[in-house]
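Notes for the one structure printed next.
Below, chains carry the letters A, B, ... as their sequence lines are ordered, and counting in each starts from 1.
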Protein chains: 2
Amino acid sequence: MTNFIPDNTLSSSKPYHHGDLRRQLLDAAASIIRDEGEAALSMRKLAQEVGVSRTAPYHHFSDKQALLCAVAEEGFRRFRVQVSFGPQAYSGGETNAALSPVLDEETIRNFIRNYIDFAVNNAEYYRLMFGGHLWKSQQLTASLKDEAHASFKLYVDQVRAWQQFAAKETAVDALRYAQVSWSTLHGMSCLLIDGIYLDSAAVAAMTDTAARMFWQQLRGSESSG
Amino acid sequence: MTNFIPDNTLSSSKPYHHGDLRRQLLDAAASIIRDEGEAALSMRKLAQEVGVSRTAPYHHFSDKQALLCAVAEEGFRRFRVQVSFGPQAYSGGETNAALSPVLDEETIRNFIRNYIDFAVNNAEYYRLMFGGHLWKSQQLTASLKDEAHASFKLYVDQVRAWQQFAAKETAVDALRYAQVSWSTLHGMSCLLIDGIYLDSAAVAAMTDTAARMFWQQLRGSESSG
DNA sequence: GCTCTATATAGACGCCGTCAAGATTGCTTG
DNA sequence: CAAGCAATCTTGACGGCGTCTATATAGAGC
């Protein structure tokens, strides 16, 4: 304790106040979950990881649940950045030149790829965002609930725009189509993340098949040429 | 200990050997998970529930993981009974008169309904059967792995038969179609079980939509009449 | 400089999974 | 029937967990 270097010119002298604890807790939590699984994350280990005492994290998160909610919230923010949601994503605006200016099967396929990629490569976030652990608990942060609902609304809007853009007449209700197609994406993601579908080579084929099914559904009963 | 009633003429005198412990442990475990969630299941509480000491269950299951695997196995057995798998389910054999003898959209819808019903009404089993908790652990019982693979194989066979029965020419590969459609069923089940999709009135509409999508996919590019 | 509040700490409590050692019972073999 | 053996059940113990309480330290505003 009685360090003979009195001031804080050396940042490594471990000051009493951490200064950036909340941020580092969130990062360390995601890291631990990614490397060792959600079950391996404990408040004590987390505290030790960032070099504070066991109870220090409780000054930034009321309990473990709140911390997990915060991690999930961050996941939703990344989610919306990576998975290009919204009607503008395909409608040829100047938002992103890499995205195709017309709606075709490849656009759908790219969207599915993005979704699956995010889920698999950010499994530690995805699991929290859409897993039952937080949602069943009835202790969701209000902000987390808002984030989630906003994401789903964006998806419904995107589907609605897809339908208006692609089909002559809407075969199925947009909301229902959104719910079912999201279920497909979510199901594939879960089966991959949870290690039930293991063959990674099959992922591309599954994505292609899903894209074809989505697309044919969007085109209604028209020929698939 | 020195009971003055020496013999076991009274069945309520709690004999040293339980006699039916394994079965009661499995039942109590499923019951606890159903009522209080998987997180609330502890070996100690489980032992207390059935009236034995904390370590008694370890003589029937090597550890908690093995117990959960056994519960999941039981789930697969129930699964295959309730969700009528296999080609014979629709092809008009004498197996079940209630099932329609021809393949149409309603057959698909009934199958989807069965699947979702099982998942929602046996959530405690479904979560274990298809959740990442067991599958990611790399400690799956061999018998559980067999049960799971057998179930998926049955589903693929069913899809293959559907395709042969319904479509003029196979639009997509049966295995891919099975993987994607199962993903849809699994995704819907997860979203319902985990409390993300709450509106139970929407379930019927989602089921209808999914059935229509599956069916149109089976019929290929033919008119949906 | 003094007080107030945010932040960090150690201590304690009751849970948890599970290992080790001993007690009790029923089956097998003589 | 007696002896031994294997299966079953018990108590005791260990370290880890979430989190409550009380206490110490640091920085901010008067």
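- The base of dA6(C) has none of its N or O atoms less than 3.5 Å from a complementary donor or acceptor on the side chain of His59(A).
- Ser137(A) and Gln65(A) are linked by a side-chain donor-acceptor pair at a separation below 3.5 angstrom, with hydrogens and angles left out of the test.
- In this structure, the CZ atom of Arg22(A) is 17 Å from the C1' atom of dA8(C), given to the nearest Å.
- The stretch residues 25-38 of chain A does not touch DNA chain C, since none of its heavy atoms comes less than 4.0 Å from the strand.
- Counting only residues at least two apart or in different chains, salt bridge (Lys or Arg N to Asp or Glu O under 4.0 Å) contacts with residues 121-139 of chain B comprise Arg34(B)-Glu124(B), Arg127(B)-Asp194(B).
- Remark: Asp146(B) pairs with no residue by the salt bridge (Lys or Arg N to Asp or Glu O under 4.0 Å) rule, at least two apart or across chains.
- Asp35(B) is linked by a side chain to side chain contact (heavy atoms under 4.5 Å, CB included) to Ser31(B), counting only residues two or more places apart in sequence or in another chain.
- Qualifying side chain to side chain contact (heavy atoms under 4.5 Å, CB included) partners for Val156(A), counting only residues two or more places apart in sequence or in other chains: Phe152(A), Arg160(A), Leu175(A), Ala178(A).
- Under the salt bridge (Lys or Arg N to Asp or Glu O under 4.0 Å) criterion, Glu147(B) pairs with Arg77(B), Arg80(B), not counting sequence neighbours.
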Dump the pairs, protein N or O against N or O of nucleotides 14-18 of chain C, anything under 3.5 Å, distances to one decimal.
residue : atom : partner  : partner atom : Å
dC16(C) : OP1  : Ser42(B) : OG           : 2.8
dG17(C) : OP1  : Met43(B) : N            : 2.9
dG17(C) : OP1  : Lys64(B) : NZ           : 3.1
dG17(C) : OP2  : Met43(B) : N            : 2.8
dG17(C) : OP2  : Arg44(B) : N            : 3.3
dG17(C) : N7   : Arg44(B) : NH1          : 2.4
dG17(C) : O6   : Arg44(B) : NH1          : 2.7
dT18(C) : OP2  : Tyr58(B) : OH           : 3.0
dT18(C) : OP2  : Lys64(B) : N            : 3.1
dT18(C) : O4   : Arg44(B) : NH1          : 3.3

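- Counting only residues at least two apart or on different chains, no ring pair (Phe, Tyr, Trp, His ring centres under 6.0 Å) pair has a member in residues 31-73 of chain A.
- Screening residues 40-61 of chain A for salt bridge (Lys or Arg N to Asp or Glu O under 4.0 Å), with sequence neighbours left out, gives Glu36(A)-Lys45(A).
- In the region residues 68-75 of chain B, proximity to DNA chain C at under 4.0 angstrom, judged on heavy atoms, holds for none of the residues.
- Partners of Lys153(A) by salt bridge (Lys or Arg N to Asp or Glu O under 4.0 Å), not counting sequence neighbours, listed by chain and number: Asp157(A).
- Take Asp63(B) and apply the salt bridge (Lys or Arg N to Asp or Glu O under 4.0 Å) test, not counting sequence neighbours, and it matches no residue.
- dC17(D) atom P lies 9 Å from atom CD of Gln48(A), rounded to whole Å.
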